[in-house]
Amino acid sequence: MEKWIAAFGGRQRLLQLLALAVLLMVILPLTLDIFRLNLVGKYLTYAFVAVGLVLCWGYGGILSLGQGVFFGIGGYCMAMFLKLEASSPENTSIQSTPGIPDFMDWNQITELPLGWMPFHSLTLTILLIMTVPALFAFLIGAAMFKRRVGGVYFAIITQAIASIATILIIGQQGYTGGINGITDLRTLLGWDIRPDSAKYLLYFLCCILLIACLLVGQFVLNSRYGKLLIAMRDQEDRVRFSGYDVANIKIFVFALAGVFSAIGGAMFALQVGFMSPSFVGTVASIEMVIFCAVGGRLSLIGAVYGALLVNLAKTLLSESFPQLWIVFMGALFIGVVLLFPQGLAGIYEDYVRPQVAKLFSRKQAAADQDKSVAQEARS
């Protein structure tokens with residue numbers, strides 16, 4: 001048992017993860033109405049991306065400004081499956097070509113494209129959500145890391161890829177829904193995903209998958225590979241001269257971050273009920289980096305809190321100051337980077353944790369003193 005506890009970061013990490021699970025799966029469902037809880041579920045889908053960025057950027061030193069692409073791959077894969085289920089011949093009988101999505105009919109496409117065929121199956125859809133982003137990340141990583149492209153150049157290239165992906169999605173309106181995206185998603189294997197009861201179940205599913213990703217990420221960091229990842233970030237040449245293939249290490253963590261992002265995108269499509277190119281481009285990708293930075297780019301759990309805090313601030317500020325909220329968001333990011341470079345996790349480690357430890361040490365000292373007094377009284 002102790003070996004498994006150590007493999008997942010030790011007792012302290014597991015207790016922090018347990019506290020997060022209690023907050024997400026007990027406290028929030030009991031205190032929030034379904035509208036606000038569904039918003040939190042939407043925020044948590046971004047947390048998948050932030051967790052992947054902690055591995056990729058925080059521990060691997062690979063800043064990707066194109067994680068929205070992987071988020072979009074997962075979201076569009078799930079949305080395509082849901083859209084095909086909602087586009088049965090019975091539901092689309094008024095179209096010129098029944099049995100295909102409505103936006104295809106509007107664009108005068110008369111048969112379902114070959115690329116949509118695998119999304120008739122939920123099993124194949126889930127498999128594609130896991131494999132397509134991993135393969136895409138492998139191709140990008142192999143092209144870049146094998147040629148030792150990194151740092152700001154890699155960040156710019158991934159940002160360009162996000163822009164290209166957005167342009168392609170918008171341009172291929174007949175196949176992707178264009179600027180409007182894929183909308184009107186109704187059922188999952190005949191189960192209506194729109195009622196409040198369904199939203200509760202999808203929220204809990206999102207929480208379970210997020211906790212699973214946190215466990216996987218923590219396991220990777222505490223493995224031998226995690227030590228190589230940190231060494232590569234700090235002294236890449238020394239790791240290379242020691243005989244390790246640095247490019248393969250980078251490709252793996254980049255692909256893992258891409259898979260995490262795709263899972264978040266799939267859950268976004270399920271919970272929100274649509275998918276559009278606005279979640280794929282550079283603006284969305286940079287916001288995802290902000291989630292990671294605010295939470296703490298060296299803390300997996302901190303990334304979850306960062307995604308929740310930033311999106312909560314974004315919602316509240318956009319409701320109160322629709323013209324100025326983006327300025328407040330920028331100020332929040334700059335303030336955190338300047339004052340607390342380690343994010344929320346750094347605030348906890350520097351200020352909260354020492355006070356908690358001091359409090360527990362006082363209680364332990366008082367208990368030991370009471371125990372010694374009781375022993376003296378008996379003697």
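Bear in mind the structure is a predicted one, so any value in this text is a computation, not a measurement.
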Give a yes or no on whether L30 atom CG has more than 12 heavy-atom contacts from other residues, nucleotides or ligands under 6.0 Å away.
yes
Is there a side-chain contact (heavy atoms from CB on, under 4.5 Å) between Y43 and V310 once you walk through the steps?
CA-CA 9 Å; Y43 302 159; V310 174; over 6 Å; no
So, taking the atom named OG in S87 and the one named CG in D105, what distance separates them when rounded to the nearest 0.5 Å?
10.0 Å
List the steps, then state whether side-chain contact (heavy atoms from CB on, under 4.5 Å) holds for R148 with R240.
CA-CA 11 Å; R148 300 189 183 182; R240 183 180 289 111; 3.3 Å; yes
Assess the residue pair I164 and Q159 against the criterion (side-chain contact (heavy atoms from CB on, under 4.5 Å)); give the C-alpha distance rounded to whole Å, side-chain angles, the decisive distance to 0.1 Å, and a yes or no.
CA-CA 9 Å; I164 293 169; Q159 190 174 28; over 6 Å; no
Would you compute the distance between atom SG of C207 and atom CG of L24 and round it to the nearest 0.5 angstrom?
5.0 Å
Same cluster or not: L84 versus W191, using hydrophobic residues (I, L, V, M, F, W, Y) connected whenever any side-chain heavy atoms lie under 4.5 Å apart?
yes
Are L189 and L124 grouped together when hydrophobic residues (ILVMFWY) are joined by side-chain heavy atoms under 4.5 angstrom apart?
no
Nearest atoms (heavy-atom pairs only) where A255 meets A137
CA-CB, 3.6 Å
Determine, using the 4.5 Å side-chain heavy-atom cutoff (strictly less than), whether L127 and M117 are members of one ILVMFWY cluster.
no
Does T45 use its side chain to pair, donor to acceptor, with the backbone of K42 at less than 3.5 Å?
yes
Which atom names give the shortest non-hydrogen contact between A162 and L65, and what distance separates them?
CB-O, 4.3 Å
Specify the closest pair of heavy atoms between I100 and L112, including all atoms of both residues, with the distance to one decimal.
CG2-N, 3.8 Å
Side-chain donor/acceptor of T158 to backbone N/O of A155, under 3.5 Å
yes
Derivation of the side-chain contact (heavy atoms from CB on, under 4.5 Å) call for M104 and W116:
CA-CA 12 Å; M104 292 184 183; W116 278 68; 3.3 Å; yes
For the pair K250 and D245, find out whether any cationic side-chain nitrogen is under 4.0 Å from an anionic carboxylate oxygen.
no
Counting distance only, does the side-chain N/O of Q235 pair as donor-acceptor with the main-chain N or O of D237 below 3.5 Å?
no
Distance from N222 atom CG to Q218 atom CD, nearest 0.5 Å?
5.0 Å
Evaluate whether atom OH of Y200 has more than 12 neighbouring non-hydrogen atoms of other residues, nucleotides or ligands under 6.0 angstrom away.
yes
What do you reckon, are the aromatic ring centroids of F145 and F154 less than 6.0 Å apart?
yes
Connecting only ILVMFWY residues whose side-chain heavy atoms lie within less than 4.5 Å of each other, what is the rest of I167's hydrophobic cluster?
none
F35 CZ to D196 CG distance, which is reported to the nearest 0.5 Å
11.5 Å
Linking Ile, Leu, Val, Met, Phe, Trp and Tyr by side-chain heavy atoms under 4.5 Å, what else ends up with I179?
I170
Determine whether the aromatic ring centres of residues F81 and F119 are separated by less than 6.0 angstrom.
no
CG of L270 to CG of L82, rounded to nearest 0.5 Å, is 5.5 Å
Do any N or O atoms from the side chain of T92 and from the backbone of G99 form a donor-acceptor pair under 3.5 angstrom?
yes
With a 4.5 Å cut-off on side-chain heavy-atom distances among I, L, V, M, F, W and Y, is there a chain of contacts connecting L37 to L201?
yes
Side chain of E236, backbone of V246: donor and acceptor closer than 3.5 Å?
no
Taking L210 as the fixed residue, which of L44, I263, L215 is the one that meets the side chain to side chain contact (heavy atoms under 4.5 Å, CB included) rule?
L44
Look at the rings of F268 and Y46 and say which category their plane angle falls in: under 30° parallel, 30 to 60° tilted, over 60° perpendicular.
tilted
Can you check whether I193's main-chain N or O pairs, donor with acceptor, with K199's side chain at less than 3.5 Å?
no
Flag if over 12 foreign heavy atoms under 6.0 Å of OH, Y175
no
For A269 and G75, work out which heavy atoms get closest and say how close.
CB-O, 3.6 Å
Parallel, tilted or perpendicular: rings of F71 and F279 (30°, 60°)
tilted
Can you tell me which residue pairs pass the side chain to side chain donor-acceptor pair (under 3.5 Å) test with a partner in residues 252-276, sequence neighbours excluded?
Q67-S261, S276-S278
In terms of hydrophobic clustering (I, L, V, M, F, W, Y; side-chain heavy atoms under 4.5 Å; direct or indirect links), are L135 and L168 co-clustered?
no
Treating Y59 as the side-chain partner and G226 as the backbone partner, does any N or O pair qualify as donor plus acceptor under 3.5 Å?
no
For residues R147 and A142, report the shortest heavy-atom separation together with the two atoms involved.
NH1-O, 4.0 Å
Assess whether a salt bridge exists between K314 and E287, defined as any Lys/Arg side-chain N lying under 4.0 Å from an Asp/Glu carboxylate O.
yes
Measure the CG-CG distance between L55 and L229 for me, rounded to the nearest 0.5 Å.
7.5 Å
Criterion ring pair (Phe, Tyr, Trp, His ring centres under 6.0 Å) against F70, the qualifying member of F254, Y76, F48
F254
